[in-house]
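Let me begin by presenting the structure, written as structure tokens, before commenting on it.
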Number of protein chains: 2
Amino acid sequence: MRKHNSTNALNEQAILDQCGMAYTLSLIGGRWKPSILWALIRNDKVRYSHFKKVIPEISDRILALHLRELEADKLIRRVVYAEVPPRVEYELTDLGRSMEVMLEQMTTWGAFHKEAVKGSAT
Amino acid sequence: MRKHNSTNALNEQAILDQCGMAYTLSLIGGRWKPSILWALIRNDKVRYSHFKKVIPEISDRILALHLRELEADKLIRRVVYAEVPPRVEYELTDLGRSMEVMLEQMTTWGAFHKEAVKGSAT
DNA sequence: TTAGCCACTAACAAAAATGTAAGTCATGCG
DNA sequence: CGCATGACTTACATTTTTGTTAGTGGCTAA
């Protein structure tokens, strides 16, 4: 649990309030969130165990944590089927899907930057 | 200094290698980098002390650190004038300027998301 | 001579993010 | 009964990021 009055936390809050860009980063900026989002963009519905298959290095703890954050931010939806053993599927919400264009641009620019840096001097 | 063989570091590296989006996030994803980048987009040339004026809460340590990272990633350029007291100006490189469109999109989407989340249920 | 300026840096401390290992739950099957 | 299943928690350890405080250097104006 996070302290709500450390300088650190106050600073972060202030930034998020005024800067849309920082706010966006806070939503998609966990270590594995890009991977999770990619899986959902490509697969429509993804089960917990499938995430673990396509992102083998992720730990249960962080996977669950990231999923809950994305859900709290209304980017993904959690659908539970009352079966045993349990089945849970995740999918993008409309809001989640609305960021696809942006994410693609980030991917493209990232690739571009990586290329550009590889060879040049300035 | 970072350990280069902790699980943590290895995971991060693996992600950056294969995912352009995560790579992009790693370049612009420090707490104050959005603010720094904004200042540069709006002002062309910015001095160290000016950063501190427009981002009052930032600490010297982090400001210098972020600037050095952005420079190492070829997004900004550091120009030193041999005067006393010293004068140093920072500006975006071409590569840095090439991300403006993307940053604007992130800002726009962030604002959109914030609005969308404010009122709705799903 | 001392104080002030600017752009930092170093040593240390705190907070936040991530990772590890082990357990939980309800049920159906042998 | 006892074990397997799938989707998680929980307690704890480690790593990474950020913040705090106190400096540095060379010059110049008081």
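Chain letters run A, B, ... following the sequence lines, proteins first, then strands; residues in each count from 1.
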Listed nucleotide nearest any side-chain atom of A:Pro85, set C:dG19, D:dT5, C:dA7: D:dT5
Rounded distance in Å - CD (B:Glu89) to C1' (C:dA7): 13 Å
Sugar-phosphate, base or nothing in reach of A:Ser59, heavy atoms under 4.0 Å: base
Minimum-distance nucleotide (side-chain atoms of A:Arg78 versus D:dC8, C:dC6, C:dT18): D:dC8
Donor-acceptor under 3.5 Å (A:Arg87 side chain, A:Tyr81 main chain): no
Nucleotide D:dC12, atom C1' - distance to CD1 of A:Ile62 in whole Å: 14 Å
Nearest-angstrom distance from the residue atom NZ of A:Lys52 to P of D:dT9: 13 Å
Value rounded to 0.5 Å, distance of CD1 in B:Ile41 from CD1 in B:Ile36: 12.0 Å
Residue whose nearest DNA chain D nucleotide is more 5′ - A:Val84 or A:Arg68: A:Val84
Sugar-phosphate only, base, or nothing, as touched by A:Tyr81 at under 4.0 Å among non-hydrogen atoms: nothing
Contact check, side chains of B:Leu67 and B:Phe51, non-hydrogen atoms, under 4.5 Å: yes
A:Leu25 CG to D:dT18 P, straight-line distance once rounded to whole Å: 12 Å
Side-chain N,O (B:Arg47) to OP1/OP2 (C:dA7) below 4.0 Å: yes
Any B:Arg31 side-chain nitrogen or oxygen under 4.0 Å from OP1 or OP2 of C:dA16: no
Sugar-phosphate, base or nothing in reach of A:Phe51, heavy atoms under 4.0 Å: nothing
Heavy-atom donor-acceptor pair, B:Arg61 side-chain to D:dT18 base, under 3.5 Å: yes
Value in whole Å for how far the C1' atom of C:dT9 lies from CD1 of B:Ile58: 15 Å
Sugar-phosphate, base or nothing in reach of B:His50, heavy atoms under 4.0 Å: nothing
Polar side-chain atom of B:His113 near backbone of A:Leu75 as donor-acceptor pair, under 3.5 Å: no
Rounded distance in Å - CD (A:Glu57) to P (C:dT18): 14 Å
Rounded distance (Å) that lies between atom P of C:dT9 and atom NE2 of B:His66: 14 Å
Within-4.5 Å side-chain heavy-atom neighbours: A:Ile28 and A:Leu103: yes
Electrostatic pair B:Glu115:B:Lys118 at N-O distance under 4.0 angstrom: yes
Between D:dT18 (P) and B:Leu67 (CG): distance, integer Å: 13 Å
Contact nearer the 5' end of DNA chain C, comparing A:Gly30 with A:Asp60: A:Gly30
Any A:Ser49 side-chain N or O less than 4.0 Å from OP1/OP2 of D:dG6: no
Contact under 4.0 Å: A:Tyr90 side-chain N or O vs D:dC8 OP1/OP2: yes
Residue closer to the 5' end of DNA chain C, A:Pro86 versus A:Leu65 (nearest nucleotide): A:Leu65
Contact under 4.0 Å: B:Trp32 side-chain N or O vs D:dT17 OP1/OP2: no
